[in-house]
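To find a chain, count down the sequence lines: A is the first, B the second, and so on, and within it residues start at 1.
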Amino acid sequence: MKILDDLNPPQREAVEYLGGPLLVLAGAGSGKTRVLTYRIVYLISAAKVNPWNILAVTFTNKAAGEMKERVEKLMGYRSRNMWIGTFHSRCVRMLRKECEFLGYPSNFTIYDADDQLSLMKKTLKQMNVSHKQYPPKSILEKISGAKTILLTPQEYASHTKSYFEEMVAKIYKTYQESLKSCNAFDFDDLISKTVELFKENPKILKKYANRFKHVLVDEYQDTNYAQYVLLVQLASIHKNLCVVGDEDQSIYSWRGAEIRNILEFEQDFPDAKVIKLEQNYRSTKRILDAATSVVKNNINRKGKILWTENKRGGKIYLFHKKDEREEARSTIDLIQHEICQTGKLNLRDFCVLYRTNAQSRALEEAFRRADIPYTIVGGIKFYERKEIKDLLAYLKVVVNPADDVSMRRIVNVPPRGIGETTTKNFDTLMEDFGISLYEAMSRVDETSLPNSKKDKIKKFIKLLNGYRKLKKKVDAYELLSKIENDIGYLNILEKERTIEAESRIENVRELLASVKNFTVEADDPSVEAYIAEVTLLTDIDRWDEKKDVVTLMTAHNAKGLEFPVVFITGLEEGLFPHASSLYPPSELEEERRLFYVGLTRAKRKVYLSYADRRSRFSGRFQFPSRFIMEIPTNLLKSLD
DNA sequence: GCGTGGAACGAGCGT
DNA sequence: CGTTCCACGC
């Protein structure tokens with residue numbers, strides 16, 4: 001095969017290996033995406049594996065889309081039927097098809113963090129639990145942790161170690177019942193319920209495990225226990241599990257990722273083959289040396305020796321300023337200077353990284369003042385914005401009338417005289433008959449509300465019923481634009497005439513444009529398909545690297561990306577490494593890996609910066625990050 | 001039912 | 001320092 005000539009010996013071995021479980025330890029910039037893509041191409045064209053029998057799991061939808069594109073470019077339509085996606089999106093697909101075995105109808109809704117919070121607050125109220133004593137967020141964190149290690153409410157209840165946890169166990173049970181009655185899954189359920197489905201229905205598992213002759217996993221170091229079990233299940237028949245990862249880039253332990261999955265792959269799969277990819281094709285020698293020196297300080301790692309044939313490159317620049325505003329200004333000055341000096345670089349070649357989203361504020365202001373186009377990935381995410389959630393909630397209710405969380409959201413948006421007091425009138429009806437708010441409101445005549453209120457509710461229900469009928473005839477775009485038009489969402493915003501409303505209008509327009517785009521491009525343009533996809537989209541998935549703007553994002557979001565020039569800002573003790581991760585050592589090591597991820601995003605140049613004072617610390621003086629000292633001084637050049 | 005202002009609280013990374 | 005929540009007044 002000709003494409004194999006593009007690969008170095010270990011890459012080639014990873015592509016061609018067909019002897020069962022395979023662990024590819026792929027250092028930063030060592031061409032792991034290339035290996036995964038070529039392996040898929042190799043499986044299909046040389047090993048004659050039907051694309052239908054291949055499952056590839058990536059970390060983001062964006063990575064999945066890119067991989068699909070690259071495979072298609074290399075071999076055209078023959079790759080059409082393979083399965084590429086994130087854990088969550090593949091699980092949704094399987095759940096849609098099989099959820100009757102879990103007692104769920106297939107029009108279920110997926111609740112994001114915001115929806116979960118609403119449901120949890122409602123659940124606590126229902127249980128008469130004080131949300132002061134049991135903060136909804138911490139409860140949800142505990143529940144998420146339980147789901148990540150596959151503990152059911154019953155199992156969790158038998159593991160409790162404190163009175164607080166006993167309460168959590170009770171809330172967990174009720175919360176699951178609430179989800180069920182809304183016909184909804186939360187993010188963690190998507191994985192854990194799929195595992196449960198397979199555990200309880202061996203026949204269904206057999207169907208999928210038989211189908212997936214080859215399972216490929218990207219970013220294996222960031223999988224959690226539930227995902228690990230899922231992989232074991234899916235690969236249980238053919239045992240062709242190929243995982244690619246880098247323990248030095250494991251940065252998600254705080255949400256349940258287990259570095260052990262990669263460190264102990266060989267124990268889990270005793271006949272596993274291990275291949276190391278150690279040649280870096282991305283960065284200059286100096287950047288690579290700096291990154292290596294930093295990560296060497298970690299004890300808990302397998303250890304790879306990354307090397308590169310790339311040129312030596314310039315030194316790593318370091319500067320410090322008196323506060324975050326001057327840091328931001330200098331960052332911009334340096335970007336402008338780089339562009340003028342080289343004459344070859346564009347805005348899109350620059351990326352500014354930081355540890356916390358809050359840091360984007362000072363940068364954003366400075367970029368706006370300097371009139372330099374930029375984009376922020378993350379922070380208040382697009383699909384979490386009120387105006388977006390409001391409109392999508394209409395679609396969700398139309399698809400799944402049992403979705404009380406979305407129903408409550410839209411019931412008085414825009415204001416139609418159905419406030420909280422009116423909605424409360426349906427509580428008994430809902431409880432007595434075990435029905436949803438939608439259904440209760442359809443039976444408004446059974447309440448003692450005044451006729452004026454009854455009419456308002458009847459009108460609203462009639463509107464929704466109309467959409468449910470219409471849904472069968474039109475695509476997602478037609479339905480959403482009709483809804484927007486009917487409720488006059490944009491009109492109302494336009495009347496506000498504020499800067500804030502202006503940006504909301506822009507967001508709504510972008511939403512409508514993206515739905516339009518979806519209906520044109522997707523195989524299935526239905527409302528159901530759209531809602532399922534959109535709930536799992538993240539900010540990084542929407543990020544367009546071709547747009548000529550500077551990218552601002554957290555170091556976490558930068559994983560898997562690369563830029564010619566990278567700025568890592570806010571390198572202060574307590575910020576990066578973050579104050580809450582200074583202890584235990586395992587957490588500090590994760591901070592160090594995060595810094596390592598940041599450094600290794602850069603192809604040509606790295607700028608590091610810190611501020612003496614930052615308003616976040618109420619203006620207290622901060623020491624420079626220890627990570628700066630871990631870079632050998634001969635690789636650093638101070639700009640101060 | 002809805003909007004406004006002041007108090008209280010919290011300040012990490014995100015599928 | 002900035003956001004969220006709640007009480008109060010319209």
Side-chain angles (χ1 to χ4, degrees), chain A residues 57-64 85-92 110-117 121 131-132 135-138 140-141 144 147-148 185-192 219 222-224 226-227 250-257 323-324 353-362 377-384 411-425 450 452-453 456 496 533-541 553-559 570 574-582 587 590-591 593-595 597-598 613-620:
Chain A
V57 187
T58 58
F59 199 70
T60 62
N61 291 294
K62 186 180 174 58
T86 62
F87 276 100
H88 290 86
S89 79
R90 294 307 86 194
C91 283
V92 168
I110 304 157
Y111 279 173
D112 66 17
D114 193 60
D115 301 328
Q116 286 180 55
L117 203 60
K121 285 179 181 164
H131 64 275
K132 286 259 155 66
K137 272 211 181 106
S138 359
L140 282 168
E141 242 164 64
S144 171
K147 289 181 177 178
T148 297
F185 291 116
D186 67 18
F187 275 125
D188 300 308
D189 281 339
L190 296 178
I191 315 291
S192 61
E219 309 282 11
D222 286 322
T223 51
N224 62 33
Q227 291 164 337
S250 161
I251 53 174
Y252 283 104
S253 77
W254 51 275
R255 61 169 211 221
D323 58 28
E324 72 263 40
L353 299 179
Y354 37 80
R355 176 64 177 80
T356 68
N357 278 308
Q359 289 166 254
S360 68
R361 199 187 208 100
V377 179
I380 308 159
K381 291 164 202 67
F382 185 75
Y383 289 101
E384 285 168 18
V411 93
N412 205 28
V413 172
R416 48 171 75 88
I418 312 174
E420 221 174 305
T421 327
T422 310
T423 309
K424 261 210 169 80
N425 275 283
S452 60
K453 290 278 173 213
K456 281 175 180 161
E496 278 185 35
E533 171 162 312
V534 93
T535 317
L536 296 175
L537 279 185
T538 66
D539 252 34
I540 198 79
D541 298 325
M553 64 179 137
T554 61
H556 278 94
N557 259 323
K559 194 174 73 161
L575 189 58
F576 201 170
H578 197 272
S580 42
S581 300
L582 297 178
E587 290 210 18
E590 181 149 312
E591 292 287 305
R593 290 193 294 269
L594 184 59
F595 182 59
V597 167
R613 291 162 211 283
R614 195 174 285 274
S615 50
R616 183 176 172 275
F617 295 101
S618 13
R620 276 206 316 275

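- Rounding to whole angstrom units, CG of residue A/D323 and P of C/dC1 are separated by 13 Å.
- B/dC13: no Watson-Crick or G-U partner with both key distances under 3.5 Å is found in any strand.
- Using a 4.0 Å heavy-atom cutoff across all strands shown, A/D112 reaches no nucleic acid atom at all.
- Between the A/T148 side chain and the A/S144 main chain, a donor and an acceptor come within less than 3.5 Å of each other.
- Distance, A/K381 NZ to B/dC13 C1': 9 Å, rounded to whole Å.
- Across all strands shown, the partner of C/dT3 is B/dA8, judged by Watson-Crick or G-U wobble contacts whose two distances both fall under 3.5 Å.
- Judged by atom type and distance alone, A/S581 reaches the base of B/dG12 through a side-chain donor-acceptor pair under 3.5 Å.
- Remark: the backbone N or O of A/R613 is not paired with any side-chain donor or acceptor of A/D323 at under 3.5 angstrom.
- Computed from coordinates, the A/F59 CZ to B/dG14 P distance equals 10 Å when rounded to whole Å.
- Not one side-chain nitrogen or oxygen of A/N557 sits closer than 4.0 Å to the OP1 or OP2 atom of B/dC13.
- Between the CD1 atom of A/I540 and the C1' atom of B/dT15 there is a distance of 13 Å, rounded to whole Å.
- For the P atom pair drawn from B/dC13 and C/dT4, the interatomic distance equals 14 Å after rounding to whole Å.
- Remark: the A/T538 side chain and the A/D541 side chain contain an N/O donor-acceptor pair separated by less than 3.5 Å.
- Formation of a donor-acceptor pair under 3.5 Å by the A/N61 side chain with backbone atoms of A/L536 is found in this model.
- Side-chain proximity of A/R361 to B/dT15, C/dC1, C/dG2: nearest is C/dG2.
- For A/D186 (side chain) and A/D112 (main-chain N/O), no donor-acceptor pair under 3.5 Å exists by modelled atom type.
- Within the 4.0 angstrom heavy-atom criterion, no nucleotide atom of any strand lies near A/K559.
- Here the side chain of A/K453 pairs a donor or acceptor atom with the backbone of A/G417 at under 3.5 angstrom.
- In this structure, the CZ atom of A/F87 is 19 Å from the P atom of B/dG14, given to the nearest Å.
- In this structure, of B/dG1, B/dT15, B/dC13, it is B/dG1 that holds the atom nearest to the side chain of A/T422.
- Listed candidates were B/dG1, B/dC13, B/dG12. Nearest to the side chain of A/T554 is B/dC13.
- Between A/D114 atom CG and C/dT4 atom P the separation is 11 Å, expressed in whole Å.
- When heavy atoms are screened at a 4.0 angstrom cut-off, A/K137 is found touching no nucleic acid atom at all.
- In the set B/dG12, B/dG1, B/dG14, B/dG12 carries the atom at the smallest distance from any side-chain atom of A/E591.
- Of the candidate nucleotides B/dT15, C/dT3, B/dG12, B/dG12 has the atom nearest to the side chain of A/E587.
- When atom types are taken as modelled, the side chain of A/R416 and the backbone of A/V411 share a donor-acceptor pair closer than 3.5 angstrom.
- In terms of position along DNA chain B, the nucleotide closest to A/E420 lies nearer the 5' end than the nucleotide closest to the other residue of the pair A/W254 and A/E420.
- Residue A/H131 places no side-chain N or O under 4.0 Å from the OP1 or OP2 atom of C/dT4.
- Residue contacts for A/N357: at a heavy-atom cut-off of 4.0 Å it reaches the sugar-phosphate backbone alone, with no base atom in range.
- In this structure a side-chain-to-backbone donor-acceptor pair under 3.5 Å is missing from A/E591 to A/L582.
- Side-chain proximity of A/H578 to B/dG12, C/dC5, B/dG14: nearest is B/dG12.
- Side chain of A/D188 to backbone of A/K147: no donor-acceptor contact under 3.5 angstrom is found.
- Taking atom CD of residue A/E384 and atom P of nucleotide C/dT3, one finds them 16 Å apart after rounding to whole Å.
- At B/dG14, none of the side-chain N or O atoms of A/H556 fall inside 4.0 Å of OP1 or OP2 (strictly under the cut-off).
- Base engagement by A/S580 is indicated by at least one non-hydrogen atom pair under 4.0 Å involving a base atom.
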Under 3.5 Å between N/O atoms: give me all the protein pairs with nucleotides 8-10 of chain C, atom names plus distance.
none

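- Using a 4.0 Å heavy-atom cutoff across all strands shown, A/D539 reaches no nucleic acid atom at all.
- One can place CD of A/Q116 at 13 Å from P of B/dT15, the figure rounded to the nearest angstrom.
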